[in-house]
Enquirer: 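This is the structure I want to talk about, given as structure tokens.
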Amino acid sequence: MSMMIDRCSVIEYILNMDVKCSGLVTIFDEEYSEENEEDIAKLILKKNRPLILLQNHNEADKLLGDIRSDTFFLLIERSQRLLEIHRWVISDRIQKNFVFRHSNLKKVLPVQRQTLMGRHLTIATLDFPPIVFAKKNDLSGKVVVYGIEPTIMEILAERLDFRFSYILPVNDEMWGTLIFNGPENVTVTGLLGFLHRKEADVSYGDLHIQDRLLSYVDFTRAFRNNFECFLIPAPRPYAKWTALYHPFSSAIWTFTGISCIVAVATLRLLAKYSSRHPNKDAFFSDTMVCVLYILGNMLSAQQPQEVRSPANRLFLIWFLLAAATIIPTLYRSGLISYITFPYTPDPIDTIQQLVDSPLQKISWGNYFKQSLSDSNDPLQRKLGSQFAIATNLSQMFALLETNSWAVMSNQGNLRYQAFTLFPPTSDGPRVHLMRECVFPTRSALGLQKHSSLKPYFDKEIYHLFESGIVEHITSQWAKKQKKWDPTKSTKLAAYSLDSLQGAFYLFGLGIALSFLAFLSEFMFNGYHNRKIYKKKTVN
């Protein structure tokens, strides 16, 4: 704490107090300076710390206003017994108190911080729902602000007794970035720029505490913990024509196919032995008959042939038991289920899956891209190399409509955007919020560098955070991504050609193949008959 006084005797008095002073500002009126020039010179030589000489206390009051710190005082000796104390207070006024010289100054000096005493603050913010909703009226020019952090600011204003007005960043500067024009020349834009240029007293809007910014602005105590996550296009249901395939997994289809091949081969081998006895199963000697018989039984189609061979009967009993369990029950029920509610592939939920996916990744500004690229984790470095940088939030979220981009932002903001911009349709959700997040972040209010507001805001923010008020306010504005449940739809509709397109595609393919086989057979038989006819003619 530094003291400002105007008499050599008072300097000695202050030096004997239990006060740590880094420097003193001494005020002498012009007449006193001329009369006591030698005493002033001795005082300067005696003190081993900075000393600033001013002519009158009006200059000192201006100096107090320029310093803007309530830890500096101006002491003026009004009489042998009376001192006048001038002090800059947080309301941006000069406060004056009169005390007796021999009073206990540690009790008299108004060092205890109370409120901001009606001071007007300029606050910079941005539109970043649900944390901040900010819109400027084009006619009146007034900025209307509400949301999570504006509610917190209103509580702080009531408890600390200050008024405020809002300003918004321009040209999509948003939070702002650091632009290095040279070793000693740095341009700060956006919310951070308002603070750095001292055009705003406070800024907020999911402002993250970052070490790289501490040289340019200050932050209050953190009051919200967040995560940076990805919002991605939701996986779309498989095409309706795949309904014939998806009731079974690839492994089951493979096992079923092998079973059919084994069954056909077994019947064919058994028929080879049975064909020696005309009264047995000679018709199984035709491989195609075996194929049709096995498929027919698996599809529960009636087979007109009578099975006589005991070996064939025993084999078919066990095969049909397995086929009846797999095909008629499981496959048909799965097919009906898929036609009713089409299957959907699993969504991307981990960073590894996102990195391996063809989706393009994007976030606002270059901070997160640079942080990922500089990470010690090779997976994060690979993710950082895939990042694109956005300079407009609206355009960034519009990219989700293309189903080829993954957007990274604050988790609460992503939930809000999913809730408002991409509500679920009758076909299912349009976007998906990944479970695994990338960065933990801490949000705070931004302040000017060395701002005198910091101790006031820190104290009240601590009380709001510890009492759970911040969490309560956040929960009131939060939007939760609802899980889509197709079974809750009350709309009833008959199956359409679209629902059964797979079966009709298969039927059409079968007709086409049959027709090709018919043409091939017709042409081959015609060629064969002409060849026989020529031989008979020659003979």
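Predicted, not measured: the structure shown is a model, and the values here were computed from it. We count residues from 1, following the sequence as given.
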Enquirer: Quick one: salt bridge (charged side-chain N to carboxylate O under 4.0 Å, His left out) pairs with a partner in residues 191-209, sequence neighbours left out?
Expert: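 Listed by first then second residue: Arg119-Asp201, Arg197-Glu199, Asp206-Arg224.
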Enquirer: Are there over 12 heavy-atom neighbours, none belonging to Asp346, within less than 6.0 Å of that residue's CG?
Expert: no
Enquirer: Going by the angle between their ring planes, with limits at 30° and 60°, are Tyr204 and Tyr166 parallel, tilted or perpendicular?
Expert: perpendicular
Enquirer: Taking Leu447's backbone N and O only, do any of them form a donor-acceptor pair with Ser451's side chain (distance below 3.5 Å, no angle check)?
Expert: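 No, because the side chain of Ser451 does not come within donor-acceptor range (under 3.5 Å) of the backbone of Leu447.
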Enquirer: Would you indicate whether the side-chain heavy atoms of Leu372 and Phe439 approach each other to under 4.5 Å?
Expert: yes
Enquirer: Any side-chain heavy-atom pair from Gln210 and Tyr367 closer than 4.5 angstrom?
Expert: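 When only atoms from C-beta onward are counted, Tyr367 and Gln210 do touch, with a gap below 4.5 Å.
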Enquirer: Using ring-ring contact (aromatic ring centres under 6.0 Å, His included) as the criterion, list what pairs up with Phe387, not counting sequence neighbours.
Expert: Phe230
Enquirer: Is there a donor-acceptor pair under 3.5 Å between the side chain of Asp218 and the backbone N or O of Lys449?
Expert: no
Enquirer: Does a donor on one side chain sit under 3.5 Å from an acceptor on the other, for Asn181 and Thr187?
Expert: yes
Enquirer: By ring-ring contact (aromatic ring centres under 6.0 Å, His included), which residues pair with Phe194, not counting sequence neighbours?
Expert: none
Enquirer: What is the ring orientation for Tyr416 with Phe133, classed by angle as parallel under 30°, tilted 30 to 60°, or perpendicular over 60°?
Expert: perpendicular
Enquirer: Under a plain distance cut-off of 3.5 Å, with no hydrogens placed, do Ser443 and Asn226 share a side-chain donor-acceptor pair?
Expert: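 Judged by distance alone, the side chains do pair up.
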Enquirer: Using 30° and 60° as the class limits, which term best fits the ring planes of Tyr216 and His196: parallel, tilted or perpendicular?
Expert: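 Tyr216 vs His196 ring planes: perpendicular.
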Enquirer: With distance as the sole criterion, is a donor-acceptor pair present between the side chains of Gln380 and Ser375 under 3.5 Å?
Expert: yes
Enquirer: Can you check whether Gly365's main-chain N or O pairs, donor with acceptor, with Trp175's side chain at less than 3.5 Å?
Expert: no
Enquirer: Do Gln370 and Asp374 pair up side chain to side chain, a donor and an acceptor below 3.5 Å, judged on atom types alone?
Expert: yes
Enquirer: To check you understand the geometry: which heavy-atom pair defines the closest contact between Glu149 and Val132, and what is its length?
Expert: CB-CG2, 4.3 Å
Enquirer: Can a salt bridge be assigned to the pair Asp458 and Arg221 using a cut-off of 4.0 Å between side-chain N and carboxylate O?
Expert: no
Enquirer: Keeping the roles fixed (side chain from Ser363, backbone from Met408), state whether a donor-acceptor pair exists under 3.5 Å.
Expert: no
Enquirer: Using the rule given for side chain to side chain donor-acceptor pair (under 3.5 Å), can you reason through Gln353 versus Asp349, listing the C-alpha separation, both sets of side-chain angles and the distance that settles it, and then say yes or no?
Expert: CA-CA 7 Å; Gln353 291 174 331; Asp349 271 325; over 6 Å; no
Enquirer: Given side chains that start at C-beta, do those of His432 and Leu231 come closer than 4.5 Å, heavy atoms only?
Expert: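 The answer is no; the side chains never approach within 4.5 Å.
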Enquirer: So, do Val202 and Met153 sit near enough that their side-chain heavy atoms are less than 4.5 Å apart?
Expert: yes
